2 protein chains.
Amino acid sequence: MVNQIKHDREVVIQKATNLFWEKGFHATSMRNLQDHIDMRPGSIYAAFGSKEGLFKEALKCYTDANIRHMQKCQEQTSSPLEALKLFIRSIVKRQQDDAPSEVCMLVKTVSELTEDNAELLAESKRLLNMMEDGLEAVIICAQDAGEISSSSDTRRLAQFLQIQLIGLRAYIRTNKDNPCIDQLIEDTFLRLH
Amino acid sequence: MVNQIKHDREVVIQKATNLFWEKGFHATSMRNLQDHIDMRPGSIYAAFGSKEGLFKEALKCYTDANIRHMQKCQEQTSSPLEALKLFIRSIVKRQQDDAPSEVCMLVKTVSELTEDNAELLAESKRLLNMMEDGLEAVIICAQDAGEISSSSDTRRLAQFLQIQLIGLRAYIRTNKDNPCIDQLIEDTFLRLH
DNA sequence: TAGAAAAATGAACAATCGTTCAATAACATT
DNA sequence: AATGTTATTGAACGATTGTTCATTTTTCTA
């Protein structure tokens with residue numbers, strides 16, 4: 001029986017993720033969420049415990065989707081470097097599509113929250129570092145494939161790409177219809193050495 | 001008579017800027033502000049009209065301070081390129097000091113706000129573009145001084161530096177005690193061509 | 001120094017916040 | 001069909017939100 005459970009947990013979390021991603025943690029009220037995921041307060045609290053609990057699920061949902069997307073990019077080509085380019089291009093250019101925000105949700109969260117929400121802040125940092133590890137893994141693949149010099153420091157290259165991704169996405173938020181976006185992305189890879 | 005006006009406007013705005021910068025627009029309540037700037041609601045509203053009004057002043061205050069800081073860097077050396085390095089190094093490394101947040105307040109605001117606060121969002125974008133213009137002005141100086149190839153596209157270089165600044169600062173927020181920060185900054189200038 | 005003008009106060013407002021829980025509906029098992 | 005279990009509801013809670021304004025205090029002028 002498909003869709004027997006009225007509020008399929010993953011679909012609900014996905015919807016909540018989109019709203020949190022767009023509006024941020026503080027500006028998203030429980031009533032906004034109630035409307036957006038079509039659940040009443042009692043059900044939400046039974047399922048997730050608190051607003052923070054639901055947000056934590058959203059962070060996980062967002063990160064998992066990104067990791068899956070990176071894997072999809074790797075499956076599309078035998079070149080790890082090309083996979084990286086596919087990944088970064090699609091992430092950065094998703095701005096024109098239906099993404100809730102141009103800015104990475106994890107970066108947005110780390111930027112917004114303080115020690116008043118220490119657990120959520122720490123979790124966001126942890127997930128961001130996980131994403132960086134993922135970047136380094138692909139860079140190591142590229143190194144093994146001879147696409148990147150074997151003398152390069154893969155950790156530093158991963159940091160560089162992470163910084164580019166963060167910077168590019170936040171930059172595009174302030175300059176959405178900049179015609180030079182493609183140029184800026186290509187510049188990133190020209191400087192990857 | 002010094003300090004005749006009890007609440008010197010600029011000092012108050014400076015204090016408000018620090019609090020807004022640390023906590024963001026939504027997480028900063030008017031009561032937080034009342035305590036932090038030592039003013040009662042009536043006085044605040046008489047002086048600034050609204051929370052948004054005060055925040056707008058804070059954005060201006062933050063940007064002005066940054067522009068002054070860039071000018072100070074230019075006065076410290078006759079080399080425009082060295083001035084840029086001084087500026088970026090000091091901004092990025094201010095994290096260890098008393099800065100309210102590692103992240104640029106304008107980027108933080110652009111990342112946090114939506115069309116629900118359209119005016120503040122637009123103003124933040126405007127100020128960010130102003131900062132980018134400032135970067136380009138120094139790059140042009142560096143070009144005139146022969147420190148940067150005259151064939152370089154100064155607008156693109158300014159965009160590149162802007163993206164690096166945004167990315168580095170947000171990155172450092174998630175990785176505050178990373179020992180490679182200096183390396184990452186130097187990498188930025190190695191890639192500036 | 002008396003009085004007018006300006007500035008600062010803080011109690012109070014309606015609206016909204018995150019959250020709870022008794023009541024109801026839907027389901028599963030017999 | 002009856003019963004026990006689980007899921008969902010939505011009114012209501014106290015706390016907090018941004019904001020207002022009658023009152024008091026301070027400052028300036030004559």
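The model shown is predicted, which means the values in this text are computed figures rather than measured ones. Computation of the quantities below employed the complete heavy-atom set of this structure, encompassing side-chain atoms and omitting hydrogens, waters and symmetry-equivalent molecules. Letters A, B, ... are given to chains in the order of the sequence lines, protein chains preceding strands, and every chain is numbered from 1.
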As an exercise, state the distance from [atom1] of [X] to [atom2] of [Y], rounded to the nearest 0.5 Å.
X: B:Leu120; Y: B:Lys56; atom1: CG; atom2: NZ; answer: 7.5 Å
X: A:Met70; Y: A:Leu135; atom1: CE; atom2: CG; answer: 7.0 Å
X: B:Thr188; Y: B:Phe160; atom1: OG1; atom2: CZ; answer: 6.0 Å

In the 5'-to-3' direction, what one-character label does each nucleotide of nucleotides 10-16 of chain D receive under the scheme B = base within less than 4.0 Å of a protein heavy atom, S = sugar-phosphate only, - = no such atom?
-> BBB----
State which residue, out of B:Glu112, B:Lys51, B:Glu52, fulfils the side-chain hydrogen bond (donor to acceptor under 3.5 Å, both in side chains) condition with B:Asn117.
->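 With B:Asn117 as partner, B:Glu112, B:Lys51, B:Glu52 yield a single side-chain hydrogen bond (donor to acceptor under 3.5 Å, both in side chains), made by B:Glu52.
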Please assess A:Leu161 against A:Ile139 for the test side-chain contact (heavy atoms from CB on, under 4.5 Å), listing each intermediate value before the final yes or no.
-> CA-CA 10 Å; A:Leu161 279 189; A:Ile139 290 170; 4.0 Å; yes
Mind calculating the distance between [atom1] ([X]) and [atom2] ([N]) to the nearest angstrom?
X: B:Ile44; N: C:dG10; atom1: CD1; atom2: P; result: 12 Å
X: B:Arg9; N: C:dA6; atom1: CZ; atom2: C1'; result: 15 Å
X: A:Asp35; N: C:dG18; atom1: CG; atom2: P; result: 12 Å
X: A:Gln34; N: D:dT9; atom1: CD; atom2: P; result: 10 Å
X: A:Ile37; N: C:dG18; atom1: CD1; atom2: P; result: 13 Å
X: A:Met39; N: C:dG18; atom1: CE; atom2: P; result: 16 Å
X: B:Met30; N: C:dA11; atom1: CE; atom2: C1'; result: 16 Å

Residues touching DNA chain D, which here means a heavy atom under 4.0 Å, drawn from residues 46-57 of chain B |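 By residue number: B:Ser50, B:Lys51.
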Hey, can you pull the residues of residues 20-28 of chain B with a non-hydrogen atom under 4.0 angstrom from DNA chain D?
->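 The stretch gives B:Thr28 as the residues lying under 4.0 Å from the strand, ordered by number.
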Mind checking side-chain hydrogen bond (donor to acceptor under 3.5 Å, both in side chains) for A:Ser152 and listing every partner two or more places apart, or none if nothing turns up?
->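 Here no residue qualifies.
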Which donor-acceptor pairs under 3.5 Å do side chains of residues 81-88 of chain B form with protein atoms, sequence neighbours excluded?
{"from": "B:Glu82", "atom 1": "OE2", "to": "B:Arg89", "atom 2": "NH2", "distance (Å)": "3.4"}

B:Lys15/B:Asp38 salt bridge by N-O under 4.0 Å criterion |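 A salt bridge is absent here (no side-chain N lies under 4.0 Å from a carboxylate O).
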Look at A:Arg126 together with A:Glu123 and state whether they make a salt bridge at an N to O cut-off of under 4.0 Å.
->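 A salt bridge links A:Arg126 with A:Glu123.
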For B:Ser79 and B:Glu147, test the side chains for any donor-to-acceptor distance below 3.5 angstrom and give the result as yes or no.
->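 Checked: B:Ser79/B:Glu147 side chains pair up, N/O donor to acceptor below 3.5 Å.
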Hey, is the side chain of B:Tyr45 poking within less than 4.0 Å of OP1 or OP2 on D:dT19, counting only N and O atoms?
->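 For D:dT19, OP1 or OP2 has a side-chain N or O of B:Tyr45 closer than 4.0 Å.
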Under the side chain to side chain donor-acceptor pair (under 3.5 Å) criterion, do A:Ser29 and A:Asn32 qualify, and how do the steps go?
-> CA-CA 5 Å; A:Ser29 73; A:Asn32 292 152; 3.2 Å; yes
side-chain contact (heavy atoms from CB on, under 4.5 Å) between A:Ile67 and A:Met130: does it pass, once the steps are laid out?
-> CA-CA 9 Å; A:Ile67 289 173; A:Met130 239 179 69; 3.5 Å; yes
If we fit an axis to the first five pairs and another to the last five of the helix from C:dT1-D:dA30 to C:dT30-D:dA1, what angle do they make, to the nearest 10°?
->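 About 10°, once rounded to a multiple of 10°.
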For the pair A:Lys60 and A:Ile13, evaluate side-chain contact (heavy atoms from CB on, under 4.5 Å) and give the outcome as yes or no after the intermediate values.
-> CA-CA 10 Å; A:Lys60 174 109 179 68; A:Ile13 292 174; over 6 Å; no
